[in-house]
Amino acid sequence: MTVVIPCLDEAGALPGVLAAVPPGYRVLVVDNGSRDGTADVARLHGAAVVTEPRRGYGAAVQAGVAAAPEGIVGFLDGDGSMDPADLPGLVDALDDADLVVGRRIAVEPGVWPLHARLGNRLLAMRLRRRYRVDVHDIGAMRVVRRSTLLALGPLHPRFGYPLDLLVRAAAAGLTVVERDIDYRNRTHGRSKVSGSWRGTAATVRDFWAVR
Ligand SMILES: Nc1nc2c(ncn2[C@@H]2O[C@H](COP(=O)(O)OP(=O)(O)OP(=O)(O)O)[C@@H](O)[C@H]2O)c(=O)[nH]1
Ligand SMILES: [Mg+2]
């Protein structure tokens with residue numbers, strides 16, 4: 001299995017994340033334009049690095065998928081907010097599903113800014129009602145077979161990716177399963193998405209464009 005970690009300026013958090021990856025998993029860090037030495041830190045801690053010139057979370061994820069070998073691909077953030085030890089449980093659930101997504105459960109205080117929590121709930125509700133996908137979170141830890149993902153075609157290049165993926169998976173009739181995962185504050189560095197109003201606004205705009 002290959003673990004793809006999209007990273008933009010995560011040099012501080014990345015060593016802790018990489019150290020927690022279960023043995024035997026191959027790691028691909030996808031960097032696009034970090035200025036803090038993220039790529040060097042990744043290599044130093046045993047990860048392969050893919051460089052993607054196009055900016056954006058979705059572009060980074062899709063570059064990682066393209067570079068990964070056939071088989072199962074897992075995804076998580078590089079900011080220390082998710083525990084790679086949750087990945088094997090998601091892989092087990094893939095026996096009865098096409099796509100397994102992590103439902104983030106806060107295990108320390110202050111993890112969800114109010115606007116992020118509300119926006120997330122609203123979008124998840126829309127997904128359940130409109131697309132019949134039984135999820136309660138639009139998160140970023142997921143496990144899927146590479147071939148399944150590639151068959152969905154190109155998805156949103158920026159922060160719309162996580163939602164676009166779920167909508168397309170539903171449209172393709174895939175079985176989507178949700179599993180609880182631990183969620184913490186990022187361990188180092190700055191938020192690109194939910195921690196700021198600017199990031200949240202960009203995310204909502206991208207999410208809405210998904211349709
Ligand atoms: N390669 C790449 N990675 C990105 C980009 N934007 C965000 N990321 C990564 O995607 C993950 C999620 O971004 P975060 O900034 O943690 O977003 P968030 O979880 O909503 O915000 P926090 O509250 O700070 O955790 C992190 O690993 C980022 O480094 C991007 O444009 N390119
Ligand atoms: Mg984060």
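One-based numbering, in listed order, for ligands and for the atoms of each. Any value given below was found using the heavy atoms of this structure, including those in side chains, with hydrogens, waters and symmetry copies removed.
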Determine, for R103 against D137, whether the closest basic-nitrogen to carboxylate-oxygen distance falls under 4.0 angstrom. no
Numbered atoms and elements of ligand 1 in range of E10, under 4.0 angstrom, heavy atoms: 26 (C), 27 (O), 28 (C), 29 (O)
Quick one: which ligand 1 atoms are inside 4.0 Å of a heavy atom on A60? 1 (N), 2 (C)
Where's the contact between W112 and ligand 1, heavy-atom distance under 4.0 Å: side chain, backbone, both or neither? neither
Measure from the Mg ion (ligand 2) to every N/O/S atom of D79 and report the name of the nearest one. OD2
Just distances here: any N/O of R186 and N/O of ligand 1 closer than 3.5 Å? yes
Report yes if the side chains of P53 and N32 come closer than 4.5 Å at any heavy-atom pair, otherwise no. no
Out of N32, I5, V50, the nearest non-hydrogen contact to atom 30 (C) of ligand 1 is supplied by N32
Heavy atom to atom 27 (O) of ligand 1, shortest distance: which of A116, G110, G78 holds it? G78
Summary of salt bridge (Lys or Arg N to Asp or Glu O under 4.0 Å) pairs that have at least one residue in residues 41-70, sequence neighbours excluded: D40-R43, E52-R54, E70-R146
Heavy-atom side-chain proximity of V17 to I5 below 4.5 angstrom: yes
Measure V30 to ligand 1 on non-hydrogen atoms and call it side chain, backbone, both or neither using the 4.0 Å cut-off. backbone
What I'd like to find out is whether the side chain of F75 reaches to under 4.5 Å of the side chain of L149, using heavy atoms alone. yes
4.0 Å heavy-atom contact, A140 with ligand 1: no
Sub-3.5 Å N/O-N/O distance, C7 and ligand 1: yes
Short list, please: which atoms of ligand 1 are under 4.0 Å from a heavy atom of Y183? 19 (O)
Can you tell me which residue among V73, V101, L76 is in a side chain to side chain contact (heavy atoms under 4.5 Å, CB included) with R142? V101
Ignoring hydrogens and geometry, is there a side-chain-to-backbone donor-acceptor pair from T51 to D31 under 3.5 Å? no
My understanding is that we take every heavy atom of each candidate and find the minimum distance to atom 4 (C) of ligand 1. Doing that for L8, D79, T187, T51, which one comes out nearest? L8
Among pairs that include at least one residue of residues 94-114, which meet ring-ring contact (aromatic ring centres under 6.0 Å, His included), considering only residues two or more places apart or in two chains? W112-Y183
